[in-house]
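Proteins come first, then strands; the chains are lettered A, B, ... in the order of their sequence lines, and each starts at number 1.
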Protein chains: 2
Amino acid sequence: MEQNKLLNLILDNMKKIFFPEDWLEIDMKLSKTELFTLLIIERHGEAIMSQIANKINVSMSTATGIIDRLVKKKYLSRARSESDRRIVLIRLTKKGKQIVNDIKDSINYYLNTIFKSLNEEEVRVLSNIIVKIINALSEEKLVENKETREKSSLKKIEIE
Amino acid sequence: MEQNKLLNLILDNMKKIFFPEDWLEIDMKLSKTELFTLLIIERHGEAIMSQIANKINVSMSTATGIIDRLVKKKYLSRARSESDRRIVLIRLTKKGKQIVNDIKDSINYYLNTIFKSLNEEEVRVLSNIIVKIINALSEEKLVENKETREKSSLKKIEIE
DNA sequence: ACGAATAGTACGAATTACGTAATATCTTGC
DNA sequence: GCAAGATATTACGTAATTCGTACTATTCGT
């Protein structure tokens with residue numbers, strides 16, 4: 001498949017690929033950004049504002065707004081760091097943990113749908129492919145600052 | 001790789017995966033929605049409002065706004081259909097065609113970065129995988145109306 | 001201890017999206 | 001061949017989201 005076909009395939013199926021939440025329907029009054037933010041925070045256990053802004057690719061002031069809303073909805077709590085009182089630690093509340101679990105269940109259902117359709121060879125190769133893709137994108141000279149790669153589950157993944 | 005790891009991988013690398021436009025930097029004053037809209041229209045040669053709204057997954061009134069902006073920017077033209085005067089045909093202008101070419105060049109550069117990192121077996125399997133994934137998502141009972149699949153490059157792709 | 005750097009928030013403007021109502025044009029049944 | 005309903009789209013006001021800039025608080029470096 002040449003790249004052109006691939007692009008057309010993506011364009012024709014954009015809805016299914018990029019808007020699974022239509023049928024994932026996590027009942028929710030959560031925007032896509034808010035959803036990703038919750039997942040990111042759960043991933044880190046606890047996060048600081050600048051990490052969050054960086055990960056979801058928005059300005060600090062935008063991040064403040066997003067966190068404001070999620071705190072208002074009782075999914076998150078803010079707390080000042082003791083060691084550095086400029087820093088604000090963002091954590092999931094019980095309610096937040098619960099909705100993250102619901103979200104992850106939905107995502108897993110979505111991923112299951114995909115994995116079920118693949119045979120063993122494909123699953124095996126897919127793992128390598130995904131890692132390689134991310135590594136390839138990481139190598140792009142234009143990819144920003146070093147901190148991006150900090151703490152990541154991936155700096156440079158070794159394929160077993 | 002289990003699904004959990006996959007999800008973490010995606011979360012950790014969200015920026016690279018979902019915001020390539022940071023370094024694709026098609027100079028542009030185009031939002032992501034506008035960019036996709038232009039690609040969709042080029043894909044169809046000419047498109048009507050309801051098709052566009054459906055493809056990019058927004059309401060008709062939102063689509064009107066998006067097209068308004070792109071017409072104002074001279075990338076698109078509006079014309080009433082002769083056969084059915086309710087219908088508005090959206091077409092790319094010369095300027096529009098040009099920017100779409102620029103965008104596609106950028107996307108191809110991005111895709112090249114990915115493909116270059118894969119060996120032959122991986123490329124071969126990847127094609128099948130992508131098709132299977134899309135088919136799997138298409139089969140989901142919850143996926144909306146039949147028209148979605150009309151005119152698609154994919155109803156159900158046969159793997160050669 | 002003072003100026004520069006860092007972390008975050010406040011605030012107002014701009015952009016984008018959405019819901020509802022309105023307009024214009026077909027289509028269908030009688 | 002015309003009224004009633006269906007379809008395609010736009011208008012308009014509102015809500016949600018994002019952004020840039022200025023401001024506050026705290027820490028770091030020398």
If you count heavy atoms of other groups shown closer than 6.0 angstrom to CD of Glu121(A), is the number above 12? yes

Which whole-number value in Å describes the distance from Ile48(B) CD1 to dT9(D) C1'? 10 Å

Between dA8(D), dC19(D), dT9(D), which one does the side chain of Thr64(B) approach most closely? dT9(D)

End-to-end axis angle, where each axis spans five pairs of the helix from dA1(C)-dT30(D) to dC30(C)-dG1(D), to 10°: 30°

Any base atoms under 4.0 Å from Thr62(A), or only sugar-phosphate, or nothing? Heavy atoms, all strands. base

Neighbour count >12 (heavy atoms, 6.0 Å) for atom NZ, Lys95(A): yes

Tell me if a side-chain donor or acceptor on Arg80(A) pairs with a main-chain N or O of Arg86(A) at a distance below 3.5 Å. yes

Rounded to the nearest Å, what distance is computed from the CD1 atom of residue Ile90(B) to the P atom of nucleotide dT9(D)? 8 Å

Polar side-chain atom of Lys55(A) near backbone of Asp12(B) as donor-acceptor pair, under 3.5 Å: yes

Taking for Leu89(B) and for Arg69(A) the nucleotide of DNA chain D with the nearest heavy atom, the one nearer the 5' end belongs to Leu89(B)

Quick check on dT18(D): is either OP1 or OP2 less than 4.0 Å from any side-chain nitrogen or oxygen of Thr33(A)? yes

Result for 5'-nearest mapping on DNA chain D, choosing between Ile66(A) and Met60(B), is Met60(B)

Count I, L, V, M, F, W, Y as connected when their side-chain heavy atoms are under 4.5 Å apart, and connections chain through other members. Are Ile87(A) and Ile52(A) then in the same cluster? no

Is there a donor and acceptor pair, one atom on the side chain of Arg85(A) and one on the base of dT26(D), closer than 3.5 Å? no

Over all strands shown, is Met49(A) touching base, sugar-phosphate only, or nothing at heavy-atom distances under 4.0 angstrom? sugar-phosphate

Write down the distance between CD1 (Ile52(B)) and P (dT9(D)), rounded to a whole number of angstrom. 8 Å

Shortest non-hydrogen contact from Lys132(B) to Ser117(A)? CD-O, 3.3 Å

Between Leu35(A) (CG) and dT17(D) (P), how many Å, whole number? 13 Å

Sub-3.5 Å donor-acceptor pair from the side chain of Ser77(B) to the main-chain atoms of Thr93(B), do we have one? no

For DNA chain C, determine which residues of residues 70-84 of chain A have any heavy atom closer than 4.0 angstrom to one of its atoms, and list them numerically. Arg78(A)

Is any NZ, NE, NH1 or NH2 atom of the basic residue among Lys97(A) and Glu42(A) found under 4.0 Å from an Asp or Glu carboxylate oxygen of the other? no

Walking along DNA chain C from 5' to 3', note the first and the last nucleotide with an atom under 4.0 Å from a heavy atom of chain A, and give both. dA5(C) to dA10(C)

What one should report as the nearest heavy-atom pair of Tyr75(B) and Leu38(B) is CB-CD2, 4.0 Å

Contact summary for Lys32(A) and Phe18(A), nearest pair of heavy atoms: NZ-O, 3.5 Å

Heavy-atom distance under 4.5 Å between the side chains of Thr33(B) and Thr62(B), does that happen here? no

Leu76(B) vs Ile67(B), test: side chain to side chain contact (heavy atoms under 4.5 Å, CB included). Steps then yes/no. CA-CA 8 Å; Leu76(B) 297 178; Ile67(B) 301 301; 3.8 Å; yes

By nearest nucleotide on DNA chain C, pick out whichever of Asp68(A) and Arg86(A) is the more 5' one. Arg86(A)

